[in-house]
Novice: 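This is the structure I want to talk about, given as structure tokens.
Here is the naming used below: chain letters follow the sequence lines, and residue numbers restart at 1 for every chain.
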Amino acid sequence: MGVNLKDLIPPEAKVVLDDLRVLRGKIVVVDGYNALYQFLAAIRGPDGSPLMDSSGRITSHLSGLFYRTINLVEEGIKPVYVFDGNPPELKIKELERRKALREEAAKKYEEAVKEGDLEAARRYAMMSSKLTSDMVEEAKRLLKVMGIPWVQAPAEGEAQAAFMVRRGDAYASASQDYDSLLFGSPRLVRNLTISGKRKLPRKDAYVEVKPEVIELSKLTEKLGITREQLIDIGILLGTDYNPEGFEGIGPKTALTLIRTYGSIEKIPKGYLRTREEVDVVKIKNYFLHPPVTAEYKLEWIEPDQKGIVEVLVKDHDFNEERVKNAVERLSKAYKEFLKGRQLGLDQWFKKSS
DNA sequence: CATGGTAA
DNA sequence: TTACCATGG
């Protein structure tokens with residue numbers, strides 16, 4: 001689930017966007033796992049069943065990825081997806097915890113189906129959704145034919161995204177989670193979508209959700225802390241590497257403690273109670289020096305209509321007419337915004353002289 | 001989540 | 001236009 005910095009973000013550190021035009025021409029690194037997982041959880045029928053092809057393979061994530069990516073390109077955004085590699089040792093326990101939660105939800109799903117409780121069934125189906133490696137491979141395959149670059153992270157995708165933004169290879173990272181800020185991403189985009197309504201869980205109401213950009217420098221400046229101190233606050237609240245956080249410490253207390261004592265190590269031990277031992281130094285060090293790679297090439301190439309039809313229509317039973325319509329939109333947007341604009345400045349000079 | 005049709 | 005709703009695979 002990631003670190004929850006929501007209640008810590010001052011309004012001044014955040015820009016809410018009425019539309020995505022602000023991001024026109026900008027490279028945005030999207031956390032692939034985060035995006036796919038959300039599509040997988042959300043794109044379902046009323047009973048909770050995901051979209052599937054005739055072989056019974058889930059396609060919800062492909063549908064979401066396909067249409068959302070086209071929308072981004074139509075806004076003139078240059079998306080690049082990053083995918084998780086091997087999880088760090090520090091995360092293993094959290095992954096096991098999530099697995100247990102999924103299995104629990106799967107049981108409750110069966111019960112809800114038996115009782116005919118559709119609403120509960122849908123909820124538990126969402127909670128039990130599992131993104132498999134096959135699903136990720138199909139997503140990469142789709143991006144390839146769409147001409148959209150993706151990067152395989154050695155470990156955490158959020159860390160890789162932060163690295164790419166820090167180097168200036170991209171403008172912002174995009175995820176619903178705040179982790180990339182702890183990994184040092186200078187800019188985080190949340191709610192990166194154009195269709196701005198989201199259903200409130202357990203309620204029959206909808207809220208407007210607008211894209212927002214959080215700037216790391218403004219965040220730390222407004223809070224009067226350093227990035228390392230922000231990491232400390234994250235650890236106090238709970239991260240994927242210590243999901244429970246520290247007992248009785250919420251955003252307010254965390255900020256006060258760090259402002260008062262300077263670092264998590266200097267906080268008197270009496271304040272810091274946990275059920276299990278937490279290696280604070282190790283976690284902090286991971287956020288500061290995660291495994292990342294500079295071996296990537298960001299290129300947006302002409303969408304391959306035949307390839308896209310092959311993946312979506314032939315292999316996964318998407319409607320051919322719908323897919324072709326969407327590819328048409330993609331090609332048009334590609335020509336308008338992306339074509340011929342991926343050359344570096346020096347190459348551009350060579351080309352024109 | 002996103003599209004596409006229909007109704008206002 | 002905009003809002004709603006059923007459907008997508």
Novice: Using whole Å, report how far CD of A/Glu328 lies from P of B/dT3.
Specialist: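 Distance check: A/Glu328 CD to B/dT3 P gives 16 Å.
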Novice: Could you list by number each residue of residues 135-147 of chain A showing a heavy-atom separation from DNA chain B of less than 4.0 Å, or answer none if no residue does?
Specialist: none
Novice: List the residues meeting ring pair (Phe, Tyr, Trp, His ring centres under 6.0 Å) with A/Phe287, not counting sequence neighbours, and say none if there are none.
Specialist: A/Phe183, A/Tyr241
Novice: Hey, is the main chain of A/Ile264 close enough, under 3.5 Å, to the side chain of A/Asp232 for a donor-acceptor pair?
Specialist: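 A pair under 3.5 Å: yes.
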Novice: Can you measure A/Leu62 atom CG to B/dT3 atom P for me and round it to whole angstrom units?
Specialist: 15 Å
Novice: Which residues pass the salt bridge (Lys or Arg N to Asp or Glu O under 4.0 Å) test with A/Arg227, sequence neighbours left out?
Specialist: none
Novice: Write down the atom of A/Met126, the atom of A/Tyr37, and the distance for their closest heavy-atom approach.
Specialist: O-OH, 4.0 Å
Novice: Going by number, which of residues 18-37 of chain A have a non-hydrogen atom under 4.0 Å from DNA chain C?
Specialist: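 Output list: empty, so none.
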Novice: Working to the nearest 0.5 angstrom, can you tell me the gap between A/Tyr81 OH and A/Leu142 CG?
Specialist: 9.0 Å
Novice: Quick one: closest heavy-atom pair of A/Leu192 and A/Val189, and the distance?
Specialist: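 That would be CD1-CG1, 3.9 Å.
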Novice: Of all residues at least two apart in sequence or in a different chain, which pass the salt bridge (Lys or Arg N to Asp or Glu O under 4.0 Å) check with A/Asp84?
Specialist: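 Counting only residues at least two positions away or on another chain, A/Asp84 forms no salt bridge (Lys or Arg N to Asp or Glu O under 4.0 Å).
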Novice: Does A/Glu74 form a side chain to side chain contact (heavy atoms under 4.5 Å, CB included) with A/Phe337? I'd like the steps, not just the answer.
Specialist: CA-CA 8 Å; A/Glu74 279 188 313; A/Phe337 296 114; 5.6 Å; no
Novice: Within the sub-3.5 Å range, which N or O atoms of nucleotides 6-9 of chain C have a protein N or O partner, and how far apart are they?
Specialist:
unit_1 : atom_1 : unit_2   : atom_2 : d
C/dG9  : OP1    : A/Asn319 : N      : 2.9
C/dG9  : O3'    : A/Thr59  : OG1    : 3.0
C/dG9  : O3'    : A/His316 : O      : 2.6
C/dG9  : N2     : A/Pro50  : O      : 2.4
C/dG9  : N2     : A/Met52  : N      : 3.2
C/dG9  : N3     : A/Met52  : N      : 2.8
C/dG9  : N3     : A/Met52  : O      : 3.4

Novice: Could you state the CD1-P distance from A/Ile194 to C/dT2, rounded to the nearest angstrom?
Specialist: 14 Å
Novice: Less than 6.0 angstrom from the centroid, inside 45 degrees of the normal: does A/Arg68 satisfy that with respect to the ring of A/Phe39?
Specialist: no
Novice: Determine whether a donor-acceptor pair (N or O, by modelled atom type, separation under 3.5 Å) exists between the side chain of A/Asn242 and the backbone of A/Thr239.
Specialist: yes
